[in-house]
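Here is the naming used below: chain letters follow the sequence lines, and residue numbers restart at 1 for every chain.
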Amino acid sequence: MSPVDAVDELTLVEQAREGDGGSFETLIRRYQNRIFRLAKRITQNDEDAEDVLQESFLKAYDHLDSFQGNSKFYTWLVRITVNEALMKLRKRRTGKEVSLDEGLDTGEEVVTREIAVWDGDPEQTYSQEELRGILDRTIDTLKPAFRTVFMLRDVEDLSTEETAEVLGLSIPAVKSRLLRARLQLREKLTRQFKRKGEDVFAYL
Amino acid sequence: MPTCKEFLNGLGDYLDHAADPSTRELVERHIRECPNCHVVHDTTKNTIRVYRGEQAQEIAPQVASGLLDAVQRRAAMRRKPCDQ
């Protein structure tokens, strides 16, 4: 870690508030890749994700004074990004005005059909690029409401409460969507990663 | 033995270390006794691990420079409000 990387977030935010452009640029470089990935996973579109990336950092820059410091700067930036990405998603779908809740909570049971152990750790079996491709394609098959909750809780590490607040959902709704998202991803990844042949039931 | 449905109902909180003691006991007991749900638990944990561990890809240089330019333009506007 370089000395610049080691400077803590709050110090950088304070310096940026006082007009130090370099500090805000450090924050950009630190988080731009993760923010882009989050935007891309929600919008599923490179061009939209680039817009969301830029709009989110500009909004953060414009509203630095309203950042309270009682949450992490990154969590605050994630909230801005999710709002921007969801707006983009809704705008793209105007004409058929799809709600993010569409098709959810129909009372259907969560299912677990694919029962097989994985063939080792995918992190060892696949190159980073191959694995990223598999993970991207798999999460893209989930409905927006599921993949957004999964990204916030399991990738960006927001708490259940923070996720509920960002998405305007109740805590039980966040938990229910997260479980469904995890099980759907599990089902699809297991098809990809399962041990082939007679060893499928090696756990027995 | 707790049912598979009861196991699934408790799985989310269990994976998040947020389950109350009775739910934790129920899930752990079921995992010991039901081979299928044992696999479901393991592979769900693996699923979370691979996504959480994935390094975000570097954004394209032109996207990064476009972002920096946009923020620098905004900063310049802020410094010279009377010129706008």
Glu25(A) vs Val71(B), test: side chain to side chain contact (heavy atoms under 4.5 Å, CB included). Steps then yes/no.
CA-CA 8 Å; Glu25(A) 287 174 19; Val71(B) 172; 5.5 Å; no

Applying side chain to side chain contact (heavy atoms under 4.5 Å, CB included) to Val39(B) and Thr190(A), what does each step give before you reach the verdict?
CA-CA 10 Å; Val39(B) 172; Thr190(A) 297; over 6 Å; no

Decide side chain to side chain contact (heavy atoms under 4.5 Å, CB included) for Asp42(B) and Val117(A); before the verdict, give the C-alpha distance in whole Å, the side-chain angles of both, and the deciding distance to 0.1 Å.
CA-CA 8 Å; Asp42(B) 270 4; Val117(A) 291; over 6 Å; no

From the options Thr47(B), Ile48(B), Thr43(B), select the one residue that forms a side chain to side chain contact (heavy atoms under 4.5 Å, CB included) with Leu185(A).
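For Leu185(A), the side chain to side chain contact (heavy atoms under 4.5 Å, CB included) test succeeds with only one of Thr47(B), Ile48(B), Thr43(B), which is Thr47(B).
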
Contact winner vs chain B - [options], heavy-atom pairs under 4.5 Å:
options: Leu38(A), Ile139(A), Asp62(A), Thr138(A); result: Asp62(A)
options: Val155(A), Leu58(A), Leu178(A); result: Leu58(A)
options: Asp157(A), Leu131(A), Asp121(A); result: Asp121(A)

Taking side chain as everything from C-beta outward and backbone as N, CA, C, O, which of these in Gln72(B) sits under 4.5 Å from a heavy atom of chain A? Side chain, backbone, both or neither.
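For Gln72(B), side-chain heavy atoms alone lie under 4.5 Å from chain A.
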
Measure distances from [X] to the heavy atoms of chain B and classify the residue's part below 4.5 Å as side chain, backbone, both or neither.
X: Leu189(A); value: side chain
X: Gln128(A); value: side chain
X: Arg182(A); value: both

Hey, what do you get for [atom1] ([X]) to [atom2] ([Y]), rounding to the nearest 0.5 Å?
X: Asn46(B); Y: Trp118(A); atom1: CG; atom2: CH2; result: 5.0 Å
X: Glu54(B); Y: Asp136(A); atom1: CD; atom2: CG; result: 6.0 Å
X: Phe150(A); Y: Arg52(B); atom1: CZ; atom2: CZ; result: 8.0 Å
X: Leu67(B); Y: Ile28(A); atom1: CG; atom2: CD1; result: 4.5 Å
X: Glu187(A); Y: Thr44(B); atom1: CD; atom2: OG1; result: 9.5 Å
X: Arg34(A); Y: Gln57(B); atom1: CZ; atom2: CD; result: 15.5 Å

Closest heavy-atom contact between Leu179(A) and Leu8(B)?
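Reported closest heavy-atom pair: CD2-O, 3.3 Å.
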
State, to 0.1 Å, how close Arg37(A) and Ala56(B) come at their nearest heavy-atom pair, and which atoms those are.
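Looking at all heavy atoms of both residues, the closest pair is NH1-N, 3.6 Å.
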
Heavy atoms only, distances under 4.5 angstrom: which of Gln55(B), Arg49(B), Lys45(B) has the most pairs with chain A? Name it, please.
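That would be Arg49(B).
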
Hey, is CD on Glu161(A) packed in by over 12 heavy atoms from elsewhere, all under 6.0 Å?
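Enclosed.
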
Heavy-atom donor-acceptor pair, Arg29(A) side chain to Ala64(B) backbone, under 3.5 Å
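Not confirmed, Arg29(A) side chain does not pair with Ala64(B) backbone.
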
Are Arg41(A) and Tyr51(B) close enough, and set up right, to give a side chain to side chain contact (heavy atoms under 4.5 Å, CB included), and what steps lead you there?
CA-CA 12 Å; Arg41(A) 291 241 168 104; Tyr51(B) 273 102; 4.1 Å; yes

In terms of side-chain geometry, is the basic nitrogen of Asp16(B) or Lys175(A) positioned less than 4.0 Å from the acidic oxygen of its partner?
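Lys175(A) and Asp16(B): not salt-bridged.
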
